Amino acid sequence: MLSYTLRTLVRMALTFFVIVTLVFFATRLSGNAIDFLAGEGMTQEDREILIRYYELDRSLWDQYFAFLRAFLDGNFGLSFIERRPVIQIVAERLWPSAQLLLSAIGLTLVVSLPLGMIAAIWRKHWLGSAAMVVAFLGYAVPNFILAVVMVLVFAYWLNWLPVVGNGTPLHFIMPTLAMSGVLIAALTRFTRNAMLDVLGQDFMRTARAKGLPERAVIVRHGLRNASITLLSVIGLQIAGLAASGSVVVESIFAWPGIGDLLVSSAIRRDYPVLQFGVITVAIAVILINAAIDLAYAWADPRLRHQLKG
């Protein structure tokens, strides 16, 4: 297990280096940020002063190596637009994003696990069919479509829910539903498949033969063994939600999180903020995947035995 953990850490470091490199060069493809900052009223002389001040007159490779050195030193620079430290701007957006992500994950687990179990146990009943209809609807409706529809219905037509910001619990309802829609569909389907794999196993028949209540058999033995397979699926889905789902949903609802910050920074070509924002999201995704890999390795006896061997 120690060697597997070390290999996981090495993969994390390599992945992080590749992402940092890609982020740096990708942000430069959008053009010169000074052209956006300068506007029509700035003279050529003032423009050149700004270019020298932000060291954009250096070659791309010089900028890249300077960026790596500064990053390793913990110096993430100043925002081109706000003239504030980048780390301060990103830190202000972390908690709102974390709140929204946690609410979406909580709703997903509360809804999808029971639905998946119902779809597996009563697969020939209308309840099981209804649970799978929910899953298919979640796959069929992307989160941005769901978000727009909810805004039209609940905010514009019915005037029940607020759209912009995160000031009250009511502000969480639509963004949470929009973020968790696809995740609920995916986890419901995987829960159903995982439960179907374990329902016919010998240990389930043995548990029933001992006289255990059916609920205890399903939860203690069925769901517990199925959760090993579900662990990796949940991790991958959460990582994908943190990487892409938050950007779309936060932009639609003007949620003051990392996703909204990335979009606004990309539009304004605020390289330092955009770079550090993307890297922050990448770090979260890498850590989630690594944690799931290690947890899966420890939870699965067969895999743990292979790694020891």
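These values consider heavy atoms only, across backbone and side chains, with no hydrogens, waters or symmetry-generated copies. Remember, predicted model here, so these are calculated numbers, not experimental data.
Between F144 and V248, the closest heavy-atom pair is CB-CG1, 3.4 Å. The two residues A155 and V163 come nearest to each other via the heavy atoms CB-CG2, 3.2 Å.
To the nearest 0.5 Å, the span separating CD on Q99 from CG on N166 amounts to 6.5 Å. Distance CD/Q275 to CG/D270: 9.5 Å, rounded to 0.5 Å. Here the CG-CG distance, from L101 to L94, works out to 11.5 Å after rounding to the nearest 0.5 Å. Here the CE-CG distance, from M174 to L146, works out to 10.5 Å after rounding to the nearest 0.5 Å. Note that CG of L261 and OG of S264 are 5.0 Å apart. Values are rounded to the nearest 0.5 Å.
Between E250 and R93 no salt bridge is recorded (no basic side-chain N to carboxylate O distance below 4.0 Å).
For the pair L187 and L109, the minimum side-chain heavy-atom distance is below 4.5 Å. A 4.5 Å side-chain heavy-atom check between V86 and L78 finds every atom pair outside the cut-off. You'll find the side chain of L183 stays beyond 4.5 Å of the side chain of S112, heavy atoms only. Residues V281 and L262 have side chains in contact (heavy-atom distance under 4.5 Å, counting atoms from C-beta outward). The side-chain heavy atoms of F253 and H171, taken from C-beta on, include no pair separated by under 4.5 Å.
Each of F65, F17, F67 was scored for a ring-ring contact (aromatic ring centres under 6.0 Å, His included) with F24, with one residue passing: F67.
A donor-acceptor pair under 3.5 Å links the side-chain atoms of S103 to the main chain of L100, judged by distance alone. With W255 contributing its side chain and V249 its backbone, the two residues share no donor-acceptor pair below 3.5 Å.
Taking a 6.0 Å sphere around CZ of F276, one finds it holds more than 12 heavy atoms contributed by other residues, nucleotides or ligands. Under a cut-off of 6.0 angstrom, the local environment of CZ in R189 is sparse, with at most 12 non-hydrogen atoms contributed by other residues, nucleotides or ligands.
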task = List the steps and the verdict of side chain to side chain contact (heavy atoms under 4.5 Å, CB included) for Y64 and V20.
result = CA-CA 10 Å; Y64 170 66; V20 168; 5.6 Å; no

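Classification of the F16-F71 ring pair by plane angle, with boundaries at 30° and 60°, yields tilted.
Linking Ile, Leu, Val, Met, Phe, Trp and Tyr whenever their side-chain heavy atoms come within less than 4.5 Å leaves L14 and I286 in two separate clusters.
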